[in-house]
Structures are given as C-alpha cells and as structure tokens.
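Written out below as structure tokens is the structure these notes cover.
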Amino acid sequence: YVMMSFRVAYYKINYPEAFYATHYTVKLVDFDADLFIKGKEAILAKWIEIDRLGNNATTKEKNLMTLIEVVYEMYLRNIRLLPVDLYKSDPKKFIVTRDGILPPLASLQGVGTSAAQNIANTRQESSFISMDDLRERAKVSKTVIDILKNHGCLNGLPESNQLSLFSAVSSLEI
C-alpha cells in the first residue's frame, strides 16, 4: 500500500492532467459533467449540500462527494474541465488536451455507454445535419438528445432535417 501511495503521489504531482483523466475514467459511473464544468463555486456548494446530509446521504451522493473533492482540488491547481463535445469527446474515456481535460459523452448523467458508443460510431461516417438525424442514425432516445442539448453539445444544430418554408422564401427574396 505504501508503494502504491508513492506511485499515485508521483503521477499526481508530475503528470496531474493524466492523473485526473485516468481517475475520472475509472470513476465514470459517478461522474457528473454538468455539475463539474460549472466551476469551483458550484462544486463547493454541492459539497456543502451533501456534507450537510451527513449519514442521510445516499450511496450515490457519497460516491459523488469523493469525486467532488478530487475535482475541486483539480480546479485549485488551475486545470480546466472542458464541456462535453459531440464530435471530439470519446465515448468512455477522458482526454487530456492543450486546453484542459475533455470529458467523454458518457460522463453526462443519463447518457449511457451504449448511447455514447453509438454516437461515436455514427459521427465517424459523417456530420449530423440535425437533432433528428442524430437521434435516427445513432439510435438514441429523445431523453439523450435533451441531455446533450441542455449541456450545450448541440448548439447550432437544427431540430429537424426539414427546411422551413418561410426561411426558404425569405432567402429567395433577398
């Protein structure tokens, strides 16, 4: 155990981004990307909220508390956690980038690993033209689309494959 502690400390000090990315990948089931990208203040507020529950905290909240401590420490070390990206995020692994740590698609609560894998496989074929296209080609539920939309992954992506008759007419008049 002592040797393992030294190894963990070595990587945590000398390769902090890789350490955090690996740690979060192992703890993917409990990771909440929506909460953790909000920054130190939001994380600290959640920490206090769970701490006040004491023994009444659920197992999921206790597991989240452990992650909150590590993510808060990461932010204190000025390492950024990026928002999940529809095209760049891996389905299940955290990626170290120049700008910070990029969470996987499955780090969003409600996006399972199979849905994340389907999205990753489908996006390799071609870009998505709409949210409907994403839902149909990746075979994901409306709930997953809503989660991705709320997180900001689908910004700029139209809802439907169909063009609006009014936008087509107005573009002809110009």
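All heavy atoms count here, side chains included; hydrogens, waters and symmetry mates do not.
- Residues F31 and F94 place their aromatic rings such that the two centres sit under 6.0 Å apart.
- Residue L53 is found outside any hydrophobic cluster, as its side-chain heavy atoms come under 4.5 Å of no other Ile, Leu, Val, Met, Phe, Trp or Tyr.
- Under the 4.5 Å side-chain contact rule for hydrophobic residues, Y75 and V96 do not share a cluster.
- No chain of hydrophobic side-chain contacts below 4.5 Å, direct or via other Ile, Leu, Val, Met, Phe, Trp or Tyr residues, connects V26 to I68.
- Judged as a side chain to side chain donor-acceptor pair (under 3.5 Å), and not counting sequence neighbours, T59 has no contacts.
- Listed here is the closest heavy atom pair of P91 and Q117: CG-OE1, 3.6 Å.
- In the hydrophobic clustering of ILVMFWY residues, with side-chain heavy atoms under 4.5 Å counting as a link, I50 and L44 come out together.
- Note that the CD atom of E17 and the CZ atom of R80 stand 12.5 Å from one another [nearest 0.5 Å].
- Heavy-atom neighbours of Y15 OH from other residues, nucleotides or ligands within 6.0 Å: at or below the threshold of 12.
- Using a 4.5 Å cut-off between side-chain heavy atoms of Ile, Leu, Val, Met, Phe, Trp and Tyr, V2 falls into a hydrophobic cluster with F6.
- Linking ILVMFWY residues whenever their side-chain heavy atoms come closer than 4.5 Å, directly or via other members, leaves L81 and L86 in distinct clusters.
- The closest donor-acceptor contact from the side chain of H151 to the backbone of L108 lies at 3.5 Å or more, if one exists at all.
- Looking at every heavy atom in both residues, V84 comes nearest to S107 through CG2-OG, 3.7 Å.
- With a 6.0 Å radius and a threshold of 12 heavy atoms from other residues, nucleotides or ligands, K139 has its NZ atom at or below the threshold.
- When hydrophobic residues (I, L, V, M, F, W, Y) are linked wherever their side-chain heavy atoms come within less than 4.5 Å, the members clustered with L82 are I95, L102.
- Distance check: D32 CG to K38 NZ gives 8.0 Å after rounding to the nearest 0.5 Å.
- The minimum heavy-atom distance between R123 and L105, with the atom names listed, is NH1-CD1, 3.8 Å.
- Under a 4.0 Å N-O distance rule, the pair K149/D146 does not qualify as a salt bridge.
- Taken to the nearest 0.5 Å, the CD atom of E73 stands 7.5 Å off from the CG atom of L76.
- For S89 (side chain) and P103 (main-chain N/O), a donor-acceptor pair under 3.5 Å exists by modelled atom type.
- Counting only heavy atoms from C-beta outward, the side chains of L64 and K46 approach each other to under 4.5 Å.
- The shortest side-chain heavy-atom distance between L148 and L134 falls under the 4.5 Å cut-off.
- Checking side-chain atoms of R137 against main-chain N and O of E125 turns up no donor-acceptor pair under 3.5 Å.
- Residues L154 and F128 have side chains not in contact (no heavy-atom distance under 4.5 Å, counting atoms from C-beta outward).
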Residue pair L28, K92: steps toward the side chain to side chain contact (heavy atoms under 4.5 Å, CB included) verdict: CA-CA 8 Å; L28 179 61; K92 297 183 257 183; 4.2 Å; yes
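- With sequence neighbours excluded, no residue forms a side chain to side chain donor-acceptor pair (under 3.5 Å) with D30.
- Of all heavy-atom pairs between T113 and A106, the closest is CG2-CB, 4.1 Å.
- Tracing side-chain contacts under 4.5 Å through hydrophobic residues (I, L, V, M, F, W, Y), one never reaches I129 starting from I119; they form parts of separate clusters.
- Side-chain contact between H23 and M74: absent, with no pair of heavy atoms (C-beta onward) separated by less than 4.5 Å.
- Every side chain to side chain donor-acceptor pair (under 3.5 Å) that R77 has, sequence neighbours left out, goes to Y20.
- The aromatic ring centroids of Y11 and F19 lie 6.0 Å or more from each other.
- Closest approach of V144 and G110 over heavy atoms only: CG2-O, 4.0 Å.
- We find the OG-CG distance between S126 and D133 to be 6.5 Å, quoted to the nearest 0.5 Å.
- Of all non-hydrogen atoms in Q109 and I147, the two that sit nearest each other are O-CD1, 3.4 Å.
- Checking side-chain atoms of N14 against main-chain N and O of Y10 turns up a donor-acceptor pair under 3.5 Å.
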